[in-house]
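Working notes for the structure below.
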Amino acid sequence: MLQTYWHPMPAMPAEDVIGKLIVLEGTDGVGRSTQIELLKNSLESSGLAVYDTGLTRSNLAGRDLQQAKEGHTMGAITQALYYATDFADRLLNEMIPALRAGYVVLTDRYIYSLMARAIVRGADPRWIRHVYGFAVVPDLVLYLQADLQTLIPRVLSSGGFDYWESGADYIHGDSRYDCFVQHQDALLGIFSQMVEEYAFVVVNANRSVKEVAHDVRRYVGEAVADIQSGAGGLPLVEGEFSRPLARGGHPSSRTVSDIIADLLSTLQDQ
Amino acid sequence: MRPITGMPGKLFVVEGIDGSGKSTQISLLYKWLLSQMYSVFYSEWNSSELVKRTTSRGKRKRLLTPTTFSLIHATDFADRCEQNIMPPLKAGAVVMADRYAFTAFARDVARGCHPQWVRELYTFAVKPTVAFYFRVPLEVALDRILSGRPELKWYEAGMDLGLSDDPYKSFELFQGRILQEYDKMVDEFGFEVIDATQPIADQQAQVREIVSKHLDGCLKRPEGMRRIVADLEGKEG
């Protein structure tokens with residue numbers, strides 16, 4: 001049965017679900033999307049059906065929330081609740097049905113990022129924990145942890161310091177760099193307080209993509225072991241990128257851009 | 001909810017099931033306070049421009065679950081609090097709200113959300129100076145609403161709960177549940193209960209009597225300000 005942090009939502013399924021909910025958390029620039037892409041490929045190649053999702057993609061509120069952000073007019077509490085609406089919609093209409101259907105649900109961030117963002121903007125930590133009390137407790141939360149010294153060059157090389165990633169909506173300063181450092185530092189502080197409370201598995205993301213992927217795969221392999229048919233478990237990272245992807249259920253899901261992304265990450269590794 | 005102490009303004013809210021006549025009462029109160037030269041702000045449930053599109057799409061396409069229904073209304077309310085309710089209260093004005101957090105406590109719990117969770121969502125809101133509850137028996141309210149056989153909207157009729165295939169029957173059952181939730185809140189939140197079967201003028205007289213006890217020191221409109229200034233100058237001269 002799906003466990004929740006506090007009172008469950010009405011209409012939560014009461015029966016056991018066979019799928020697994022796996023969360024990748026971490027601040028901006030830590031490499032979550034790269035790791036999710038790699039993990040998705042390896043899970044699918046080992047025959048598991050994967051459903052991947054991320055923040056502000058809900059059918060209900062995703063687009064409006066993006067537009068509201070562009071207007072920059074929301075107060076902290078309004079913003080926190082709008083994100084919670086989007087999250088609840090995805091949880092109930094996407095993640096839970098996928099879990100019931102036996103998918104491995106991979107989510108790029110979860111309530112922890114949403115809570116941290118609200119807290120740095122002044123929301124009461126106790127309040128925001130209760131707001132998200134309906135969230136399903138994941139089978140595994142991998143927290144990709146990197147120092148600011150690692151994050152800064154990565155963020156710079158991928159287009160510089162974005163308005164929201166720098167917390168420029170609530171930190172006022174002349175330098176976007178200073179805002180970024182202050183904002184990310186505050187987020188890292190809040191994440192470190194959550195490690196124990198939410199049983200994060202900490203992965204050192206100061207290392208190369210390949211090393212991180214190796215650890216990610218090992219932890220996820222343990223988490224999905226009981227739903228994997230046949231022997232073997234997840235293939236290790238060595239040789240992963242060159243091997244033809246013999247996948248059971250999803251032959252069409254690998255696109256040209258997937259292949260290019262893999263190639264690029266392999267090149268970056270070398 | 002947070003206490004209103006520390007803010008010079010006053011907040012009056014009206015609550016009750018559909019057909020209780022609360023909107024009529026608050027609009028009469030509004031006109032009276034204006035005639036008394038008070039600086040009055042009026043805020044309606046479900047009126048934030050920011051989330052309007054999400055709410056109306058959710059309702060039109062029936063995308064809302066009890067939880068997202070609750071959260072999107074809380075978002076709407078938070079936006080109104082931050083933009084329209086708190087600033088005038090801090091400035092010392094009178095703020096009036098047609099429906100407040102209690103509407104969510106009644107309606108979302110009737111939809112199956114946990115009472116503690118819904119109350120927790122709204123802890124950022126300030127507790128009103130007075131919350132009027134217009135209590136009316138279910139049959140009276142239903143008769144007022146349904147006698148013209150209006151077209152009931154999906155969520156308004158509580159059709160999402162699957163209580164009945166007939167919208168009118170569903171509406172009756174849903175409003176019955178909401179009424180029970182309101183009755184439970186009378187002591188919890190210290191509602192001022194007004195018997196909403198009385199003539200409109202009698203109810204309004206009771207409302208004004210209660211409100212008038214709380215208006216000391218509230219901000220007056222500029223015309224009023226000018227008169228005060230004139231008085232002061234007169235004394236000096």
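Values below: all heavy atoms of this structure, side chains included; hydrogens, waters and symmetry mates excluded. In the text below, chain A, chain B and the rest are named by the order of the sequence lines, each starting its count at 1.
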Notebook entry, point to check: Should the heavy atoms of other residues, nucleotides or ligands under 6.0 Å from CG of A:D226 be counted, would the total exceed 12?
Noted result: yes

Margin query: With a 4.5 angstrom heavy-atom cut-off, is it the side chain or the backbone of A:L92 that approaches chain B, or both, or neither?
Written below: side chain

Item checked: Distance, nearest 0.5 Å, that separates CG of B:D79 from CD of A:Q79 -> 11.5 Å

Checklist line | Heavy-atom pair of closest approach, residues B:G112 and A:P10 | finding: O-CG, 3.3 Å

Note to self: Less than 4.5 Å to any heavy atom of chain B: does that hold for the side chain of A:W6, its backbone, both, or neither?
What the structure shows: side chain

Notebook entry, point to check: Looking only at heavy atoms, which two atoms of A:I77 and B:F124 are closest? And how far apart?
Noted result: CD1-CB, 3.6 Å

Item checked: Atom group of B:Q116 that falls short of 4.5 Å from chain A, counting heavy atoms -> both

Checklist line | Closest approach of B:I72 to A:T85 (non-hydrogen atoms, all atoms of both residues) | finding: N-OG1, 3.7 Å

Item checked: Over 12 non-hydrogen atoms of neighbours within 6.0 angstrom of CD in A:E197 -> yes

Item checked: Where B:T75 and A:Y82 come nearest, the two heavy atoms and their spacing -> OG1-N, 3.5 Å

Check: From A:Y132 OH over to B:L71 CG, what is the distance, rounded to the nearest 0.5 angstrom?
Finding: 8.0 Å

Note to self: So for B:E82, is it side chain, backbone, both, or neither that comes closer than 4.5 Å to the heavy atoms of chain A?
What the structure shows: side chain

Item checked: Nearest-0.5 Å distance that lies between atom OG1 in B:T67 and atom CE in A:M12 -> 9.0 Å

Item checked: Most contacts with chain B, counted as non-hydrogen pairs under 4.5 angstrom, among A:T78, A:L81, A:I128 -> A:T78

Next item on the list: May I ask you to decide if the ring planes of A:H7 and B:H114 are parallel, tilted or perpendicular, using 30° and 60° as cut-offs?
Entry: parallel

Next item on the list: Answer yes or no: is there a donor N or O on one side and an acceptor on the other, between the side chain of B:W117 and the main chain of A:G133, under 3.5 Å?
Entry: no

Note to self: With a sphere of 6.0 Å drawn around CD of A:E15, does it hold more than 12 non-hydrogen atoms of other residues, nucleotides or ligands?
What the structure shows: yes

Check: By a 4.5 Å heavy-atom criterion (distance strictly below it), what part of A:D124 contacts chain B: side chain, backbone, both, or neither?
Finding: neither

Next item on the list: Answer yes or no: does atom CZ of B:F189 have more than 12 heavy-atom neighbours from other residues, nucleotides or ligands under 6.0 Å?
Entry: yes

Next item on the list: Starting from the C-alpha separation in whole Å, work towards a yes-or-no answer on side-chain contact (heavy atoms from CB on, under 4.5 Å) for B:E120 and A:R129.
Entry: CA-CA 10 Å; B:E120 188 64 38; A:R129 278 167 167 79; over 6 Å; no

